[in-house]
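So the structure is just underneath, and the comments pick up after that.
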Amino acid sequence: MAIHPMWKNNKTDLNTPALMVSAVSHAGYVRDKNEDRYIVKQFKDRSVLCAVADGLGDEGTGVYAAEIIRERLEQANLNDCLDPAGHLEHMAIEMDRDIYNKGQRDHYLDGMGSTLIGVLLQDRVAYWVH
């Protein structure tokens with residue numbers, strides 16, 4: 001696949017003996033800013049988390065919401081997680097509540113939100129969250 005020249009600075013690759021992952025984000029050709037945030041992370045137990053959050057809202061609030069999700073996922077410790085599906089669900093609910101509460105406390109953030117879709121690949125099983 002050919003990569004558009006504007007994408008080259010926003011590309012992430014993860015290559016392991018069993019897995020090749022590439023992530024690219026682009027604002028598109030209509031908008032001048034990109035509210036997508038993504039993560040590709042390998043844990044010590046060799047599990048891999050891939051996720052993308054697309055911000056929703058005006059005046060940069062969507063970018064802020066998507067960045068909250070990216071940061072939380074970056075900080076997550078999913079090594080040898082015994083209940084990956086439950087843990088991902090719990091994290092998504094916590095992030096949703098946090099983003100909502102920040103919007104309620106600060107009228108400048110009112111209405112901000114983000115989509116989220118992610119997959120944790122652990123022990124040859126894929127656990128999805130959205």
> Side chains of L88 and L78: closer than 4.5 Å at any heavy-atom pair?
Replying inline: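 Yes. Closest side-chain heavy atoms under 4.5 Å.
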> Less than 4.5 Å apart, any side-chain heavy atom of L82 and any of H87?
Replying inline: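 L82 vs H87: side chains apart.
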>> With side-chain contact (heavy atoms from CB on, under 4.5 Å) as the criterion, how do R37 and V63 come out once you've worked through the C-alpha distance, each side chain's angles and the decisive distance to 0.1 Å?
In response: CA-CA 8 Å; R37 296 295 182 266; V63 171; 3.0 Å; yes
>> Just to verify, which of I117, I39, V119 counts as forming a side chain to side chain contact (heavy atoms under 4.5 Å, CB included) with C50?
In response: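 Going through I117, I39, V119 one by one, the side chain to side chain contact (heavy atoms under 4.5 Å, CB included) with C50 is satisfied by V119 alone.
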> Do you know which of H90, E89, M91 makes side chain to side chain contact (heavy atoms under 4.5 Å, CB included) with I93?
Replying inline: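 Answer after filtering H90, E89, M91: E89.
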[X] to [Y] - nearest heavy-atom pair and separation:
X    : Y    : answer
L116 : L73  : CD1-CD1, 4.1 Å
M112 : G103 : CE-N, 4.2 Å
A65  : G113 : CB-O, 3.4 Å
S114 : A53  : OG-CB, 3.4 Å
Q122 : C81  : OE1-O, 3.4 Å

>> Would you say M95 ends up clustered with L109 if hydrophobic residues are merged whenever their side chains have heavy atoms under 4.5 Å apart, either directly or through other cluster members?
In response: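 Linked within one cluster.
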> Mind checking whether I69 and F43 sit in one hydrophobic cluster, side chains of I, L, V, M, F, W, Y counted as touching below 4.5 Å?
Replying inline: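 Yes, I69 connects to F43 through the hydrophobic network.
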So how far is it from [X] [atom1] to [Y] [atom2], rounded to the nearest 0.5 Å?
X    : Y    : atom1 : atom2 : answer
L120 : W128 : CG    : CH2   : 11.0 Å
N79  : Q42  : CG    : CD    : 10.0 Å
E67  : I99  : CD    : CD1   : 10.5 Å
Y127 : L49  : OH    : CG    : 13.5 Å
D54  : T115 : CG    : OG1   : 4.5 Å

> Between the main-chain N or O of E74 and the side-chain N or O of K41, is there a donor-acceptor pair closer than 3.5 Å?
Replying inline: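 Checked: pair present.
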>> Would the distance check show the side chain of D123 and the main-chain N or O of V125 forming a donor-acceptor pair, the cut-off being under 3.5 Å?
In response: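 Absent.
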> Looking at residues at least two apart in the chain, or sitting in another chain, which of them share a side-chain contact (heavy atoms from CB on, under 4.5 Å) with Y100?
Replying inline: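 If we apply the side-chain contact (heavy atoms from CB on, under 4.5 Å) test to Y100, skipping adjacent residues, the hits are Q104.
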> Is the shortest distance from a Lys or Arg side-chain nitrogen in R97 or E94 to a carboxylate oxygen in the other one below 4.0 Å?
Replying inline: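 Salt bridge: no.
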